[in-house]
Amino acid sequence: MKNTKYIFITGGVTSSLGKGIISSSLAKLLQERGYSVTIQKLDPYINIDPGTLNPYEHGECYVTNDGAETDLDLGHYERFTDIITSQANNVTTGRIYQSVINKERKGDYLGKTVQIIPHITDEIKRRIKLLGKQDFDFVITEIGGTVGDIESYPYIEAIRQLKWEPENLVVVIHLTLVPYLSSSKELKTKPTQHSVKLMLESGVQPDIIVLRTEHNLTFAVREKVAKFCNVSMNAVIESIDVSTIYEVPLLMQKEKLDEVVLSKFNLKIKEAPSLKKWRKIVNTIKNADQKVKIALVGKYVELPDAYKSINEALIHAGAHLNLKPEIQFIHSEKLENENISEILASFDGVLVAPGFGHRGIEGKIDAVRFVREHNIPFLGICLGLQCAVIEFARNVLNMKDANSTEMHQNTPFPVIDLMEEQKSVINLGGTMRLGSYDCILSKKSKLYPEYGKTNLKERHRHRYEFNNKYFKKFEDAGMKATGINPDSDLVEIFEIPEHKWFTGVQFHPEYKSTVLNPHPVFISFLNACKK
Ligand code: GLN
């Protein structure tokens with residue numbers, strides 16, 4: 001059994017400073033030094049998980065192999081490190097309270113008054129240590145939100161307690177912002193000082209302070225932070241804005257974040273890893289000169305975080321092919337047959353995004369028609385595949401008003417329909433077809449050369465499916481089911497072989513794309529866009 005070490009990443013001053021990227025970058029650097037690492041996110045909101053949250057609230061919902069609907073930071077963890085995460089890697093306050101209340105109802109607390117301390121904090125600690133039991137050298141735990149928020153107090157208290165339990169080895173990294181005042185041309189450290197003070201009020205002294213900044217830190221700024229925040233100079237780390245998040249591990253290595261962490265745990269510091277492959281990929285991401293223009297048709301276009309994994313998967317595949325994908329978000333509500341050619345004709349490829357509900361659906365269907373008729377490479381993901389099926393039914397098979405029963409319950413041609421096992425489902429949270437399912441890929445598929453195998457496992461998040469009643473009609477008219485689930489016969493992939501590249505997938509390939517292992521579906525798609 002390993003002596004697992006715990007690293008906490010907290011945030012101060014504002015949210016959205018990139019705790020997830022710093023956690024992932026540190027994990028990457030420790031991994032490269034030969035350590036086993038996992039990363040966990042604790043989210044201080046009351047929802048059991050983000051599955052029921054509107055993307056406008058919280059960005060994309062990321063799905064793990066085991067079917068957990070989780071925070072989008074888990075996507076970063078997997079993309080940077082190739083670590084496979086699970087439900088245990090994302091815990092919310094809602095989940096913590098749910099287990100404490102369930103125990104209370106069962107009488108497990110033997111008549112005691114159930115309180116935030118010790119019962120909620122004990123449950124938080126249990127969830128953290130649960131990962132430690134899986135024999136990792138390091139468990140990195142990112143605490144969502146900002147220090148000082150009422151809802152983060154129990155988490156900071158749990159860290160304080162863990163720090164004082166003699167058997168635990170704990171390092172706390174606090175990420176804050178040093179704002180730049182352009183009028184006086186100065187970086188200001190006061191917000192950081194206050195934020196560390198807030199942590200001290202809760203009894204936690206950060207060991208390392210990472211400063212997010214738009215300008216390089218001067219020696220004086222580092223010195224000030226070290227002095228006022230009780231850390232050594234080498235534990236003040238600069239995190240400057242960069243053009244790609246994948247550069248952050250390289251910057252953190254330069255700043256020696258990993259070395260400082262190891263020294264805090266009294267571990268031997270060996271030679272720094274070269275990160276050769278990573279460096280090369282970052283270089284291509286930044287400098288590839290051949291561009292491909294991709295339209296991402298969706299309805300949450302004001303908020304790029306809603307399509308985070310798709311965006312990143314395109315970047316990974318681009319780097320693999322030495323291409324720079326230029327991704328433009330197109331609002332499906334603004335697309336109509338009249339303006340579509342003007343909007344879409346200049347793109348090398350069109351991707352129709354996943355989604356739920358009626359809003360913006362007709363624009364997506366019109367977009368599919370345009371790319372099908374104009375031989376423009378098309379990738380439809382989940383709802384995107386369903387739109388392709390609806391479009392084909394209406395315009396090729398002459399099924400007027402064909403639709404998904406999600407959008408039109410009494411459509412005369414329910415080409416997309418609710419899955420049988422979904423018909424009795426009442427609760428919304430965690431009840432979709434979620435997580436990894438098998439798919440048998442046909443060797444005739446245009447995806448086969450990239451996959452190089454026929455037994456696939458891909459992640460899902462949907463309630464509706466292609467209605468197999470229409471299977472033969474689609475096949476006969478030229479839309480071929482090239483991927484099928486062997487247990488349920490659900491169609492997982494549709495393609496039009498006559499078309500330059502026209503593929504719809506019921507699963508979400510974007511969840512499985514990582515920097516070092518770009519996903520075959522995205523590689524194949526970009527390859528077609530390039531030609
Ligand atoms: N709303 C569709 C369904 O539930 C598609 C879901 C998705 O795109 N993730 O089947």
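Every number for a ligand or one of its atoms is a count from 1 in the order of the listing.
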Atom indices of ligand 1, in the order listed, that fall short of 4.0 Å to a heavy atom of C382: 5 (C), 6 (C), 7 (C), 8 (O), 9 (N)
Proximity of M432 to ligand 1 by residue part, where a heavy atom lies under 4.0 Å: neither
Near E406, which atoms of ligand 1 are under 4.0 Å from a heavy atom of that residue? 1 (N), 2 (C), 3 (C)
Say whether G357, considering both its backbone and side-chain N or O atoms, lies within less than 3.5 Å of an N or O atom on ligand 1. no
Could you tell me whether Q506 and ligand 1 have an N or O pair separated by under 3.5 Å? no
Mind checking ring-ring contact (aromatic ring centres under 6.0 Å, His included) for F502 and listing every partner two or more places apart, or none if nothing turns up? F378, H499
For the student: nearest non-hydrogen atoms of H460 and E492, plus distance: CE1-OE1, 2.9 Å
Which atoms from ligand 1 have a heavy atom of H508 less than 4.0 Å away? 9 (N)
For ligand 1, is any non-hydrogen atom under 4.0 Å from E465's backbone (N, CA, C, O), its side chain (CB onward), both, or neither? neither
heavy-atom search around atom 4 (O) of ligand 1 in the protein gives R463 N, 2.9 Å
Report the nearest protein non-hydrogen atom to atom 5 (C) of ligand 1: residue, atom name, distance rounded to 0.1 Å. G355 O, 3.3 Å
Tell me, do Y246 and R79 make a side-chain contact under 4.5 Å, heavy atoms counted? yes
Between the side chains of D82 and N517, is a donor N or O closer than 3.5 angstrom to an acceptor N or O? yes
What part of R461, side chain from CB on, backbone N/CA/C/O, both or neither, has a heavy atom under 4.0 Å from ligand 1? backbone
Compute the centroid of each ring, for F507 and then for Y437, and state whether the two points are separated by less than 6.0 Å. no
Name each donor-acceptor pair under 3.5 Å that joins a side chain in residues 25-32 to protein atoms two or more places apart or in another chain, with its distance.
{"residue": "S25", "atom": "OG", "partner": "I21", "partner atom": "O", "Å": "2.6"}
{"residue": "K28", "atom": "NZ", "partner": "E32", "partner atom": "OE2", "Å": "3.4"}
{"residue": "Q31", "atom": "NE2", "partner": "T81", "partner atom": "O", "Å": "3.0"}

Measure centre to centre between the rings of Y45 and H58, then say whether the value is under 6.0 Å. yes
Return the residue, atom name and 0.1 Å-rounded distance of the protein heavy atom closest to atom 10 (O) of ligand 1. Y464 N, 2.8 Å
Between the main-chain N or O of H408 and the side-chain N or O of T411, is there a donor-acceptor pair closer than 3.5 Å? no
